There are 2 protein chains.
Amino acid sequence: MTDLSDVALRDLLDTDPAELDAYLDRRHPADLAAELGELPAPVAARVLLRLAPPDQAETFGYLAPDCQAEMAAALDRRSLVRIVGAMSHDERADLFQILSEERRDVLLPLLAQQEREDIRRLAAYPEGSAGAVMTSDYATLSPAFTAAQALESLRLAAPDRETIYNAYVVDDARRLVGVVSLRDLILARPETPITDFMVRDVIHARVEDPQEEVARSIARYDLLALPIVNGGGMLAGIVTQDDAMDVAEAEATADFHAVGASARLAAGLRRTGVFGLYRARIVWLVLLVFGNLFSGAAIAAFEETIVAYVALVFFLPLLIDSGGNAGSQSATLMVRALGTGDVRLKDWGSMLGKEVAIAILLGLTMALAVSMIGYVRGGVAVAAVVSLSMIAIVVVGSLIGMTLPFLLTRLKLDPATASAPLITSISDATGVLIYFTLATTLLPRLAGG
Amino acid sequence: MTDLSDVALRDLLDTDPAELDAYLDRRHPADLAAELGELPAPVAARVLLRLAPPDQAETFGYLAPDCQAEMAAALDRRSLVRIVGAMSHDERADLFQILSEERRDVLLPLLAQQEREDIRRLAAYPEGSAGAVMTSDYATLSPAFTAAQALESLRLAAPDRETIYNAYVVDDARRLVGVVSLRDLILARPETPITDFMVRDVIHARVEDPQEEVARSIARYDLLALPIVNGGGMLAGIVTQDDAMDVAEAEATADFHAVGASARLAAGLRRTGVFGLYRARIVWLVLLVFGNLFSGAAIAAFEETIVAYVALVFFLPLLIDSGGNAGSQSATLMVRALGTGDVRLKDWGSMLGKEVAIAILLGLTMALAVSMIGYVRGGVAVAAVVSLSMIAIVVVGSLIGMTLPFLLTRLKLDPATASAPLITSISDATGVLIYFTLATTLLPRLAGG
């Protein structure tokens with residue numbers, strides 16, 4: 001990879017303009033966008049305009065959404081219209097979603113009517129749907145074409161299309177009837193009708209499908225692009241593999257944050273400010289404080305046992321944490337497996353059976369580890385209570401951790417809400433109950449006998 | 001999407017063979033592979049051989065590695081050689097890694113010498129490296145070609161290449177000197193030399209680079225494929241976008257499992273057996289049991305305080321969990337940001353400053369929530385101790401959670417090892433110390449005064 005990271009754009013700003021231009025020329029638009037994002041918007045806008053016009057739109061497209069909005073405010077109107085006109089259609093529609101109303105009102109009348117309608121159409125789909133992530137700059141072919149005609153048509157369309165490696169065959173009503181790859185086109189004899197070799201049973205999604213399903217189909221079937229149809233079966237757009245990769249990454253990040261008990265961050269961690277992060281984190285933390293009151297209440301109920309056998313408190317964090325740890329493991333494994341589609345709702349029964357077996361093995365092993373410590377610190381009776389509690393707590397914690405993501409999915413909620421901290425809180429309360437109930441029941445007999 | 005999930009392959013096995021064939025014909029190889037994976041290997045092998053020969057290799061390539069190994073044992077030698085010969089080169093090399101020695105010895109002599117060498121070469125790269133995930137069936141062009149010659153060369157090569165949408169220009173020593181897209185080729189005038197329009201500064205990776213970096217480059221630069229060069233700058237293979245998507249998904253899954261304190265699972269959760277999961281989970285659980293002894297020891301040190309003010313135990317789970325929860329949030333956010341490249345090692349300073357500010361805000365809010373409960377249950381003195389402890393514990397927990405992933409990265413370890421359970425254990429011990437130290441110091445004065 002061309003590693004120019006030692007020469008920072010920032011240091012070149014006040015030097016010889018020729019040197020700056022030479023640097024800009026060598027830099028990939030994606031890298032340049034990352035560097036521009038670090039500069040004040042007016043400076044970044046000045047640098048952007050030094051690029052060749054096609055590179056301007058491409059570099060602008062790589063900027064983070066908040067940078068795009070700032071930069072759009074800093075650019076003069078003429079340049080902005082030129083850049084927006086050359087952007088890929090999906091990125092352009094996304095930009096309009098975040099532009100200030102004032103900038104939008106300035107821009108819209110300057111665009112061609114077709115572009116205005118395209119932006120409105122793409123912006124109308126709800127966030128998170130296939131419609132919201134698809135682009136409308138795909139290549140279509142008529143079913144009446146021969147291979148030679150199709151190739152010529154793609155040659156003409158190429159400069160304005162996101163991809164020409166798959167072209168979609170649509171009838172007069174724009175209904176999707178087939179797909180042709182450029183590979184097959186250049187292999188076919190020129191006079192062959194494309195209906196002779198097009199794939200008719202086209203894998204597709206609907207505009208209202210969730211975008212993570214689109215990403216999953218693209219990954220599963222190794223597609224370069226997935227066509228998206230509307231209710232009438234008419235082609236509405238395509239999602240390309242690179243956009244699917246971004247969707248898959250964003251979904252994995254959202255699941256990560258959820259299992260860490262944070263709300264979804266709109267921008268990345270680095271670009272989110274102190275208050276944005278505070279808001280994303282505080283809700284769960286305060287909810288969990290109140291959730292933990294159950295553990296406290298359970299402890300209060302056993303105050304007499306604690307005063308009688310204060311050594312029990314020594315094992316409290318260890319036991320309740322072990323339940324939480326085993327439960328967090330189960331929950332995290334399950335959330336990810338549900339997220340990638342490895343495990344589905346219908347697998348609950350078989351996963352439950354497996355989890356019980358694993359949890360018993362885990363509980364026995366951990367009981368063995370803790371029984372020795374129990375014996376050293378409190379004798380046979382305490383060792384017995386602590387070991388039995390460990391087995392019960394680990395099994396119960398694992399089953400809670402494993403079941404909650406399924407339950408949330410069943411209730412059409414996000415399974416990743418079954419975060420490690422939530423599981424920990426729930427297992428803590430059950431752990432306290434199990435531990436002190438066993439202790440109150442068994443210790444007087446064991447210690448007495 | 002063609003949803004045939006109601007008609008299960010299993011139910012068609014004993015019916016009319018024509019009906020089975022019609023079903024197989026309509027099914028995508030990826031879906032078929034998923035269904036075959038559920039059948040006993042000998043049955044699955046029989047079904048596979050009913051497919052047309054090119055579909056056999058493609059469907060076989062979609063099978064999970066352990067299914068491939070079982071199926072390879074169930075197939076007759078002739079069919080297996082035919083399938084292996086038609087597989088894509090990277091999948092073929094991966095298959096040889098998991099075949100039994102006996103099957104390998106049977107197969108190798110039946111393959112052409114070139115194929116044997118290719119398999120040995122690809123299998124030689126260490127797991128997790130770019131070399132191990134790349135494929136050798138890419139298209140190359142001579143720098144002496146015109147556009148027309150290049151197109152003709154790609155037309156001839158197309159059937160055996162993973163992709164022809166990017167073709168790599170190599171000199172006589174196989175050094176990578178440029179890349180040409182099929183799009184540019186069909187747009188160029190036939191007599192133009194490809195050196196006139198090829199991209200010379202080719203984005204590439206080295207065979208020894210980690211595969212997650214390869215996936216990240218492909219996502220960052222929106223590439224269809226990334227060429228991989230060896231030490232001498234010679235082209236050794238390419239990684240395609242669909243393989244990059246698989247790598248990114250596998251890496252995210254590994255990070256997920258790590259933050260859930262599980263070891264990496266070789267197969268998916270559904271395909272891993274009870275003992276495999278037990279092994280993946282038990283190590284951390286037992287380590288954390290011993291880690292939690294520190295919390296126990298800290299509690300034992302304050303036995304007198306606990307006996308004197310037994311109400312303090314009520315707040316124990318709540319306080320130590322809050323530190324763990326805040327720390328888990330920080331750690332999970334940071335692990336993901338380091339995993340996607342959003343945050344790098346050098347950002348530690350600025351992230352630390354932000355984390356301190358956020359943690360203080362979080363601590364204050366949570367102290368407010370808990371002070372009321374403290375007042376109700378224990379009066380002003382307990383409320384003060386509990387609130388002060390909450391602030392200190394949340395700040396310390398957050399800083400531990402935020403710092404550990406950086407520290408692990410700095411030590412060239414996996415930052416995702418900073419799992420929620422590990423952070424919880426560490427914050428528990430510090431939480432106990434902070435809480436009881438404050439209580440021992442302040443309560444006698446406050447309660448007495």
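Just so it is clear, the structure is predicted and the values come from calculations on it, not from any experiment.
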Applying side chain to side chain contact (heavy atoms under 4.5 Å, CB included), run through His257(B) and Leu333(A) and close with a yes or a no. CA-CA 6 Å; His257(B) 292 177; Leu333(A) 289 169; 3.3 Å; yes
Top residue by heavy-atom pair count (under 4.5 Å) with chain B, among [options]?
options: Ile218(A), Thr163(A), Leu293(A); result: Leu293(A)
options: Ser295(A), Gly260(A), Ala311(A); result: Gly260(A)
options: Leu288(A), Val394(A), Asp246(A), Val286(A); result: Leu288(A)

Ser330(B) side chain near Arg281(A) side chain, heavy-atom distance below 4.5 Å: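 In short, these two side chains touch, coming nearer than 4.5 Å.
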Tell me, do Arg183(A) and Tyr165(B) make a side-chain contact under 4.5 Å, heavy atoms counted?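 In contact.
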Working to the nearest 0.5 angstrom, can you tell me the gap between [X] [atom1] and [Y] [atom2]?
X: Leu277(A); Y: Leu362(B); atom1: CG; atom2: CG; result: 9.0 Å
X: Thr253(A); Y: Asp255(B); atom1: OG1; atom2: CG; result: 10.0 Å
X: Asp222(B); Y: Glu162(A); atom1: CG; atom2: CD; result: 8.0 Å
X: Ile320(B); Y: Asp428(A); atom1: CD1; atom2: CG; result: 7.5 Å
X: Asp321(B); Y: Leu285(A); atom1: CG; atom2: CG; result: 11.0 Å
X: Arg336(A); Y: Leu265(B); atom1: CZ; atom2: CG; result: 12.0 Å

Contact class of [X] relative to chain A, heavy atoms under 4.5 angstrom:
X: Asp347(B); result: side chain
X: Met334(B); result: both
X: Asp243(B); result: neither
X: Ala420(B); result: side chain
X: Ile306(B); result: side chain
X: Phe294(B); result: neither
X: Val313(B); result: both
X: Ala244(B); result: both
X: Val289(B); result: both
X: Met245(B); result: both
X: Thr240(B); result: neither
X: Ile373(B); result: side chain
X: Ser350(B); result: neither

Would you call Arg220(A)-Glu249(B) a salt bridge at under 4.0 Å N-O?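 Glu249(B) and Arg220(A): not salt-bridged.
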Does any heavy atom of chain B fall under 4.5 Å from the side chain of [X], the backbone, both, or neither of them?
X: Ile299(A); answer: side chain
X: Leu224(A); answer: side chain
X: Val335(A); answer: side chain
X: Leu422(A); answer: neither
X: Phe315(A); answer: neither
X: Val310(A); answer: side chain

For [Y], does its backbone N or O pair with a side-chain atom of [X] as donor and acceptor, under 3.5 Å?
X: Tyr221(A); Y: Asp31(B); result: no
X: Tyr278(A); Y: Ala357(B); result: no
X: Asp342(B); Y: Leu269(A); result: yes

Work out which heavy atom in Ala252(B) is nearest to a heavy atom in Phe256(A); give both atom names and the distance.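 In this case the closest contact between Ala252(B) and Phe256(A) is O-CE1, 3.9 Å.
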